[in-house]
Amino acid sequence: MTDTSGRVTACLPIRSDMDLAWVRQHVRQAAAQLGFGLVDQTKLVTAASELARNTLVHGGGGQVESTVLETGAARGLRLAFSDQGPGIPDIERALGDGYTSGGGLGLGLGGARRLVHEFSIDSRPGEGTAVTVICWTAGAPRPREESR
Amino acid sequence: MSAPIAGSSGTQVPVLKLGTVLLVTLQGDLYDEAAEQLQRNIGEAIAASSVTGVVIDISGVEIVDSFLGRVFAEVAAHAKLLAAQTVVAGMRPAVAITLVELGLTLPGLRTALNAEEAMRLLSPASTPLHHSPARQESP
Ligand SMILES: Nc1ncnc2c1ncn2[C@@H]1O[C@H](COP(=O)(O)OP(=O)(O)OP(=O)(O)O)[C@@H](O)[C@H]1O
Ligand SMILES: [Mg+2]
């Protein structure tokens, strides 16, 4: 997807609700270590929780691979969720708020997309689903904003 | 002072009854299973005794996702059927900001800055006699 400068830091299974809690904890720690602020940490952990739960509930279980990205001054965390489940027949519809095939609110996928900087999804009916997200830290401290 | 209501089930979520109000204090990360168990416990506690309000204190909760949000909404809906009000107290600012972007609006849930304010909101003595909006039965 993006550059190869990434360093895979963890590959976590997603097979139970305990695994979901572990994914949240891992993402929290990784984001804090990378220097994400509290709000950005919270957004990323929440997005990860939504996507991991989809992997578990809709995809029948799978995994997430976590990679630290470094490009110049910018640092980021990439999370790649994948499963070999039934896939998503209509991705556009699944991304829309309020669409759910189960008893959910239908917010997870579209909401997760809003909470991260980069979002991509690849899904084939009968083969599985891969959702990859990236969040970047603010990067190097910005020069003081000049008044115009 | 207060008596633990539910707790035998293995969840570590304290549910206390203070007068006619249930005070539920969530801490840290809750497994889905534990959240659902908690939802059942609250439902039973409301049904078993005269409860007029439920306070869910989430000041110790680092994230609320759509699953936990739905648990809150269902607790509130259940409480409402039994004429009890639900207040979510102490939501951290980072959590509130995230929920807005997620698109989770928690309809039907009142919020309070902290558990004390929530208890005050629910205590009959201090509730001002505000004019209830003209009764409207939806057609
Ligand atoms: N990994 C996946 N495999 C198969 N289908 C999926 C996957 N992820 C999402 N979907 C489909 O997309 C729909 C929308 O997902 P979304 O997370 O937005 O809502 P939800 O999971 O149904 O409810 P919630 O608001 O609780 O997350 C799901 O109902 C499901 O049909
Ligand atoms: Mg979902």
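Since the model is a prediction, treat every value here as computed from it, not as a measurement. Just so it is clear: chains get the letters A, B, ... in the order the sequence lines come, proteins before strands, and each one is counted from 1.
In the hydrophobic cluster analysis, where Ile, Leu, Val, Met, Phe, Trp and Tyr join through side-chain heavy atoms closer than 4.5 angstrom, Val71(B) is grouped apart from Tyr31(B). Hydrophobic clustering (side-chain heavy atoms under 4.5 Å, transitive across Ile, Leu, Val, Met, Phe, Trp, Tyr) keeps Val23(A) apart from Met18(A). Under the 4.5 Å side-chain heavy-atom criterion for grouping Ile, Leu, Val, Met, Phe, Trp and Tyr, Val68(A) is connected to Val27(A) within one hydrophobic cluster. Each of Val8(A) and Ile14(A) belongs to its own hydrophobic cluster when Ile, Leu, Val, Met, Phe, Trp and Tyr are linked at side-chain heavy-atom distances under 4.5 angstrom. Note on Leu82(B): it clusters hydrophobically with Ile56(B), by side-chain heavy-atom contacts below 4.5 Å among ILVMFWY residues.
Residue-level contacts of residues 49-57 of chain A with chain B, in order of numbering, are Ser49(A), Glu50(A), Arg53(A); threshold 4.5 Å between heavy atoms. Within residues 88-98 of chain B, the residues that have a heavy atom under 4.5 Å from a heavy atom of chain A are Ala94(B), Val95(B), Ile97(B), Thr98(B), listed by number.
Rounding to the nearest 0.5 Å gives a distance of 10.0 Å between CZ of Arg70(B) and CG of Leu107(A). Once rounded to the nearest 0.5 Å, the distance linking CD of Glu33(B) with CG of Leu20(A) reads 12.0 Å. Remark: Phe67(B) CZ to Leu105(A) CG distance equals 10.5 Å, nearest 0.5 Å.
Arg113(A) does not touch chain B: none of its heavy atoms, backbone or side chain, sits under 4.5 Å away. Proximity to chain A (any heavy atom under 4.5 Å) is restricted, for Asp29(B), to the side chain, taken from C-beta onward. Looking at Ala47(A), there are no atoms closer than 4.5 Å to chain B (heavy atoms on both sides), in backbone or side chain. Heavy-atom distances place no part of Leu99(B) under 4.5 Å from chain A, backbone and side chain included.
At a threshold of 4.5 Å between non-hydrogen side-chain atoms, the residues Ile63(B) and Arg24(A) count as touching.
Sequence neighbours left out, the pairs with a member in residues 84-108 of chain A that pass salt bridge (Lys or Arg N to Asp or Glu O under 4.0 Å) are Asp97(A)-Arg114(A).
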Taking distance alone, no hydrogens or angles, what donor-acceptor pairs closer than 3.5 Å link side-chain atoms of residues 72-81 of chain B to residues at least two apart or in another chain?
residue, atom, partner, partner atom, Å
Glu74(B), OE1, Gln39(B), NE2, 2.9

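When Leu115(A), Val45(A), Asp40(A) are compared by the number of non-hydrogen pairs under 4.5 Å with chain B, Leu115(A) comes out ahead.
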